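Worksheet for the structure shown next.
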Amino acid sequence: MKIEGNVVKKKRIWVFCLMLIIIHSYGFTKRYIPWFTDEIGYWASAALMKGYNWREVMSTGGYYGYGYGIILSLIINISNIHIRFHCAQLINIALVVITYFLLVRIICRIFETSTESTEGICFVCMCYPYIQVYTHLSMAEIALTCIYVISVYALLRFSEKRTIKWSIVIGICVFAMFSIHLRSLVTLFSLLIILLISLIAEKNKKNKINILVGILISIIALVVVWKIKDYVVENLYTVTTSGNQELEPNKGNSSFSAYIWMLSNIFKFDFWKLIIKSLEGKFFYSLVASFTLTFIGSIWILKCLLNSSTIRKPVLLYIFFSYWGEVILTIITMFNVGRFDNLMYGRYSEAFILPILCIGIYLLCNGVYRMKNCIIYIMLMLLLSIDLFQFIQMNEFKPSLDMAICSVSGWNITNISDIEIFYVLGVVLIVTVVTILLCVLGKQTRKGTMLFLVFVWLFVGQNCLKQNVYNGYWTADRLEETTIAIEDQNKKMYYLLPEETNDMGSAAWRDMLFLQYMLVDKIINVIDESEINRVGDDEMLIIEKNISGYEQYVDQNKIFYENELFVIMMK
């Protein structure tokens, strides 16, 4: 009977895995090349590892962490651009499944319950819109989320039994997370502080040594990551001018210098006004995106930390500070009015949301969530929405990047740049209804609660994918046509990027990055209008038709290839 029970349990968890694969694979064929410039930044590190030269193209943009590029380097040699991109998506699927298995084990240990009661709950968590959306993209989000969950599991096991093995795993996770993105620094500091507290509290000498090993490996990992970063910047983001003068690379907001700049403004009154609005926006997003589940999980963790003597305290502390530390980091770094999504930015913190979200769902499905708490959170949402609405009315926002608030943007049935009010008042109305229904269902039926939450999140995630990812065929097809026309030409290539279009976000700049991705092993030299004379005989000049007045640069007698996106000239 015991053997039969184990077989049933294994079948059930594999059924959930199969369902996750089907859900997250849906729509893969609707995109066959990267569509966001961040994706190219990660592929660029993979290109560097394989010896390809993307320096000229990448030096025009910002720095991207190289950790995810280690994974992409395994597939960047695939010549077929369709298969190459789909392989990146399949890797994300594999990481999602690994994350699911680990979440089940983590929640079982935290609540000291069987896997039977957590498999479905963790499945619901893995349907969160953020996971749906970023599984379709060759961005670092899924990899970062998976490694973070591994670090939570490693710390949990290390708390139970302080062995060298788990010390090493923690150190590897520190290296992996920090090499992927600087935003994980808050999480890593939380981990190191928790290990330090454990070291001080530990009485056993052998255990102290094992904890110390974990701390030392983690610190060494941070130093190594930074040293490798300097190498990547020098060899990928730095170019030399014709006068052999080395140019300072554009590291963008991902660099440590960007955070130093934030600190230099802490005594300015206007800075703090924006910070307060940023705080309101991020807390608002955390409430509405998770239907208050992150707050449910957080309050429960705080109660455990204050009232319990469990050995899992370090893990709960890590989960709490990882998520809310990243929220605070986002408040500080994404505070400027600028784009509308900056007000509610969730992409950075959602990479660390799964454990705390799972705890919230577990409590909800076990009837712990009370209507009194539900009303309090709804009132908080209403207060925040009223203040944010007034702030929006007083400021003009640039078009939003819906991907940064994907767990809310999927509710949008109108253009965000036309009616931002929908995000603060309309979403509150929807989330209020959904939250009350979840609270009622949580008291009545666990399965009904999970099914309803899965349905809602699938709707939000797929709607966001439809708006942001399942599009762009026209540009993708034109890029592929251009690639086919020139990939067999063994000619030196120049890409015209006039100074007025040489900014991150312009169409000409974006298409240049995509073209480099597709011509993976070729060098694209970037020039402005003053350097056109550099193009010699039997060399190619690529001109983007999105450039204003591009015709002035075109010599009809030299046109080698032309489509609706590019003109390519060659003598």
Side-chain angles (χ1 to χ4, degrees), residues 38 41-50 63-74 76 91-92 94-95 98-99 102 106 138-159 162-196 198-199 209-237 251 254-256 259 314-315 318-319 321-323 325-326 329 348 351-352 354-355:
D38 287 18
Y42 297 120
W43 283 101
S45 296
L48 176 65
M49 294 173 199
K50 288 298 182 179
Y63 168 79
Y64 289 88
Y66 56 85
Y68 182 49
I70 297 172
I71 299 174
L72 295 179
S73 67
L74 302 174
I76 196 170
I91 289 173
N92 283 340
L95 295 175
I98 292 170
T99 304
L102 291 174
I106 290 168
S138 55
M139 292 178 71
E141 314 309 309
I142 299 299
L144 184 59
T145 297
C146 180
I147 295 166
Y148 166 65
V149 171
I150 292 173
S151 74
V152 173
Y153 182 68
L155 183 61
L156 182 60
R157 295 301 303 272
F158 189 66
S159 299
R162 305 196 189 283
T163 61
I164 290 290
K165 177 179 72 173
W166 292 112
S167 292
I168 294 172
V169 173
I170 289 171
I172 292 172
C173 289
V174 167
F175 174 87
M177 283 191 284
F178 193 45
S179 66
I180 286 175
H181 207 291
L182 185 63
R183 84 182 82 139
S184 60
L185 197 58
V186 172
T187 295
L188 302 183
F189 278 150
S190 300
L191 181 58
L192 286 171
I193 291 170
I194 290 167
L195 288 175
L196 188 60
S198 301
L199 178 66
I209 293 172
N210 291 341
I211 296 171
L212 187 60
V213 168
I215 293 172
L216 291 175
I217 292 174
S218 299
I219 293 172
I220 292 169
L222 291 174
V223 174
V224 171
V225 168
W226 203 265
K227 291 296 182 182
I228 298 175
K229 175 180 180 286
D230 291 340
Y231 172 83
V232 172
V233 168
E234 181 181 351
N235 290 275
L236 185 59
Y237 295 94
K251 300 176 187 175
S254 295
S255 70
F256 193 67
Y259 301 142
V315 180
Y318 180 49
I319 290 171
F321 281 118
S322 293
Y323 177 69
E326 295 297 335
L329 178 69
Y348 286 0
F352 306 91
L354 291 186

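Computed over heavy atoms, backbone and side chain alike; hydrogens, waters and symmetry mates excluded. Starting from 1, each residue takes its place in the sequence as its number. Worth saying up front: this structure is predicted, and the values here are computed from it rather than measured.
Residues Glu326 and Val186 approach most closely at OE2-CB, 3.7 Å, considering heavy atoms. The shortest non-hydrogen separation linking Tyr42 to Ser138 is CD1-O, 4.2 Å. Between Leu95 and Ala143, the closest heavy-atom pair is CD1-CA, 3.7 Å. In this structure, Val152 and Pro355 approach most closely via the heavy-atom pair CG2-CG, 4.3 Å. In this structure, Met177 and Ser184 approach most closely via the heavy-atom pair O-OG, 2.9 Å. Of all the heavy atoms in Met139 and Asp38, the pair that sits closest is CE-CB, 3.6 Å.
Between Tyr153 and Trp166, a ring centre-to-centre spacing shorter than 6.0 Å is recorded. Under the 6.0 Å cut-off for aromatic ring centres, Phe321 and Phe352 do not qualify, their centroids lying 6.0 Å or more apart.
Here Ile194 contributes atom CD1 and Ile211 contributes atom CD1; the two are 12.5 Å apart, rounded to the nearest 0.5 Å. Interatomic distance, CG of Leu156 versus OG of Ser151, reported as 11.0 Å (0.5 Å rounding). For the atom pair OH of Tyr64 and OH of Tyr237, the computed distance is 7.5 Å after rounding to the nearest 0.5 Å. Interatomic distance, Asn92 CG to Cys146 SG, rounded to the nearest 0.5 Å: 10.0 Å. Here Met49 contributes atom CE and Asn235 contributes atom CG; the two are 12.0 Å apart, rounded to the nearest 0.5 Å. To the nearest 0.5 Å, atoms CD1 (Ile180) and OG (Ser45) are separated by 11.0 Å.
Listed for the Ser167 side chain is a donor-acceptor partner under 3.5 Å among the backbone atoms of Asn210. Of the possible donor and acceptor atoms, none in the side chain of Tyr68 sits under 3.5 Å from a partner among the backbone N and O of Leu144. The backbone N or O of Ala351 sits less than 3.5 Å from a side-chain atom of Thr145, completing a donor-acceptor pair. For the pair Tyr66 (side chain) and Val225 (backbone), a donor-acceptor distance under 3.5 Å is present.
Contact of the Ile170 side chain with the Leu195 side chain is registered, since non-hydrogen atoms from C-beta on lie closer than 4.5 Å. Between Tyr63 and Val232, the closest side-chain pair of non-hydrogen atoms falls below 4.5 Å. Here the side chains of Ile319 and Tyr148 are in contact, with some heavy-atom distance below 4.5 Å.
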Side-chain donor-acceptor pairs under 3.5 Å in residues 213-222, sequence neighbours left out?
from	atom 1	to	atom 2	distance (Å)
Ser218	OG	Gly214	O	2.8

